*Asks:* 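Please read through the structure below; I'll follow up with questions.
Everything quoted here is computed from the prediction, not taken from an experiment. Sequential numbering from 1 along the given sequence is applied to the chain's residues.
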Amino acid sequence: MRRVLTYGTYDLLHWGHIRLLQRAKDLGDYLIVGLSTDEFNELKPGKKPSYHSYEVRKMMLESIRFVDMVVPETTWTQKVDDVRDLDIDMVVMGSDWEGSPRFEHLRDHCELLYLPRTEGTSTSQIRRDLLFE
Ligand code: C2G
């Protein structure tokens, strides 16, 4: 059974997120999402606090049929341990992370694939659109 892992904040869940999760699931049999905690999001440069709490974002992800498990992402450095402990075959991220040192080192531990980001939607775009409604 091929086990796939991806990471993200998944705030204000939108169709770009869903397309990423669907393609990630299609690459294996079991999809795990490392979901950024509210505290971890504070460490991400330029990241606004999430609209939804970790628990709400986790509940929403767990309701998606492509997602088999959600685990907390609390640090930048947990990924190698996650790949080992969760017996991961492939890590998948959207192309905005392509080449990032946050992920490239995982090539020594598992397959790593970046999928084209979905153009035309993003959490920040949704926030901006709603602000000027
Ligand atoms: N994504 C996408 N298309 C969009 C928006 C997002 O394919 N229009 C992808 C991103 O590339 C990412 C996933 O959806 O793979 C989740 O996006 P975010 O919640 O914005 O994730 P991010 O804040 O980048 O957190 O350690 C890695 C971080 O936790 C990633």
Side-chain angles (χ1 to χ4, degrees):
M1 180 165 86
R2 270 178 66 81
R3 296 164 63 87
V4 180
L5 172 63
T6 189
Y7 292 91
T9 306
Y10 288 97
D11 191 29
L12 297 181
L13 198 63
H14 55 68
W15 59 286
H17 292 142
I18 300 299
R19 286 192 70 247
L20 189 286
L21 296 169
Q22 181 168 20
R23 287 173 291 162
K25 180 61 178 283
D26 285 348
L27 289 162
D29 308 289
Y30 195 88
L31 176 61
I32 301 175
V33 179
L35 182 62
S36 309
T37 60
D38 297 327
E39 297 76 13
F40 179 53
N41 271 333
E42 287 168 26
L43 305 179
K44 291 182 189 175
K47 202 84 180 174
K48 293 190 182 63
S50 293
Y51 179 83
H52 290 307
S53 69
Y54 174 81
E55 287 309 322
V56 167
R57 292 182 283 117
K58 180 172 186 284
M59 179 267 283
M60 291 176 75
L61 278 177
E62 287 172 339
S63 71
I64 298 170
R65 60 186 162 92
F66 309 121
V67 175
D68 296 292
M69 181 195 288
V70 178
V71 299
E73 180 188 30
T74 56
T75 68
W76 288 113
T77 55
Q78 71 184 70
K79 297 184 173 68
V80 173
D81 293 341
D82 288 348
V83 168
R84 184 193 59 235
D85 298 347
L86 297 167
D87 190 21
I88 297 301
D89 298 289
M90 175 184 273
V91 168
V92 173
M93 289 300 290
S95 53
D96 45 317
W97 288 93
E98 188 132 18
S100 166
R102 302 285 191 196
F103 288 92
E104 285 300 310
H105 66 289
L106 295 175
R107 290 189 191 283
D108 299 333
H109 306 276
C110 65
E111 296 168 62
L112 176 62
L113 183 67
Y114 301 102
L115 295 172
R117 186 180 166 82
T118 299
E119 295 311 320
T121 186
S122 69
T123 302
S124 42
Q125 184 63 51
I126 291 169
R127 284 175 183 264
R128 281 194 298 273
D129 291 351
L130 291 177
L131 200 60
F132 298 109
E133 208 171 44

*Asks:* Shared ILVMFWY cluster between M69 and V92, side chains joined below 4.5 angstrom?
*Replies:* no

*Asks:* Parallel under 30°, tilted from 30 to 60°, perpendicular over 60°: which one fits the rings of F103 and W97?
*Replies:* perpendicular

*Asks:* Drop me the distance from L12's CG to I126's CD1, to the nearest 0.5 angstrom.
*Replies:* 6.0 Å

*Asks:* Test salt bridge (charged side-chain N to carboxylate O under 4.0 Å, His left out) on K79 and D82 and set out the steps.
*Replies:* CA-CA 5 Å; K79 297 184 173 68; D82 288 348; over 6 Å; no

*Asks:* Could you walk me through whether I18 and F66 pass the side-chain contact (heavy atoms from CB on, under 4.5 Å) test, one step at a time?
*Replies:* CA-CA 9 Å; I18 300 299; F66 309 121; 4.0 Å; yes

*Asks:* For T77, give me all partners under side-chain hydrogen bond (donor to acceptor under 3.5 Å, both in side chains), at least two apart in sequence or on another chain.
*Replies:* T75

*Asks:* Are T6 and V91 close enough that some pair of their side-chain heavy atoms sits under 4.5 Å apart?
*Replies:* no

*Asks:* Taking side chain as C-beta onward, heavy atoms only, is T118 less than 4.5 Å from L20?
*Replies:* no

*Asks:* Working to the nearest 0.5 Å, report the span between OG of S50 and CG of N41.
*Replies:* 4.5 Å

*Asks:* For Y51, check side-chain hydrogen bond (donor to acceptor under 3.5 Å, both in side chains) against everything at least two apart and list the hits.
*Replies:* none

*Asks:* Starting from Y10, can I reach M93 by hopping between I/L/V/M/F/W/Y residues whose side chains sit under 4.5 Å apart?
*Replies:* no

*Asks:* Would you be so kind as to tabulate the donor-acceptor pairs closer than 3.5 Å made by side chains of residues 23-36, with sequence neighbours excluded?
*Replies:*
unit_1	atom_1	unit_2	atom_2	d
R23	NE	R19	O	3.0
R23	NH1	P116	O	2.9
R23	NH2	P116	O	3.1
K25	NZ	D68	OD2	3.1
D29	OD2	R2	N	2.6
S36	OG	G8	O	3.1
S36	OG	K44	NZ	2.7
S36	OG	E73	OE1	2.7

*Asks:* Could you list the residues that satisfy ring pair (Phe, Tyr, Trp, His ring centres under 6.0 Å) with Y54, not counting sequence neighbours?
*Replies:* none

*Asks:* Has the side chain of T37 got a donor or acceptor atom that lies under 3.5 Å from a matching backbone atom of T74?
*Replies:* no

*Asks:* Please report the C-alpha distance between E62 and V67 in whole Å, then the side-chain angles of each, then the deciding distance to 0.1 Å, and finally whether the side-chain contact (heavy atoms from CB on, under 4.5 Å) criterion is met.
*Replies:* CA-CA 6 Å; E62 287 172 339; V67 175; 5.5 Å; no

*Asks:* Tell me, do I64 and L61 make a side-chain contact under 4.5 Å, heavy atoms counted?
*Replies:* yes

*Asks:* When you compare the side chain of D38 with that of S53, does any pair of heavy atoms fall below 4.5 Å?
*Replies:* yes

*Asks:* Which distance, rounded to the nearest 0.5 Å, do you find between the CD of E98 and the CG of L112?
*Replies:* 9.0 Å

*Asks:* Same cluster or not: L106 versus L86, using hydrophobic residues (I, L, V, M, F, W, Y) connected whenever any side-chain heavy atoms lie under 4.5 Å apart?
*Replies:* yes

*Asks:* So which residues get pulled into F132's cluster when ILVMFWY side chains under 4.5 Å apart are joined, directly or through others?
*Replies:* L131

*Asks:* Say you draw a straight line from OG of S122 to CG of D11; how long is it, rounded to the nearest 0.5 Å?
*Replies:* 11.5 Å

*Asks:* Spell out, yes or no, whether M90 and V80 are grouped together once hydrophobic residues are joined by side-chain heavy atoms under 4.5 Å, including indirect joins.
*Replies:* no

*Asks:* Could you tell me the separation between the CD1 atom of I88 and the CD atom of E111, rounded to the nearest 0.5 Å?
*Replies:* 11.5 Å

*Asks:* Determine, stepwise, if the pair D129 / E133 fulfils side-chain contact (heavy atoms from CB on, under 4.5 Å).
*Replies:* CA-CA 6 Å; D129 291 351; E133 208 171 44; over 6 Å; no

*Asks:* Which residue pairs satisfy the side-chain hydrogen bond (donor to acceptor under 3.5 Å, both in side chains) criterion with at least one member in residues 100-109, sequence neighbours excluded?
*Replies:* E104-R107, E104-Y114

*Asks:* Do Y7 and V70 land in one hydrophobic cluster if side-chain heavy atoms of ILVMFWY residues count as linked below 4.5 Å?
*Replies:* no

*Asks:* Yes or no on side-chain contact (heavy atoms from CB on, under 4.5 Å) for K48 and T123, after CA distance, side-chain angles and deciding distance?
*Replies:* CA-CA 10 Å; K48 293 190 182 63; T123 302; over 6 Å; no

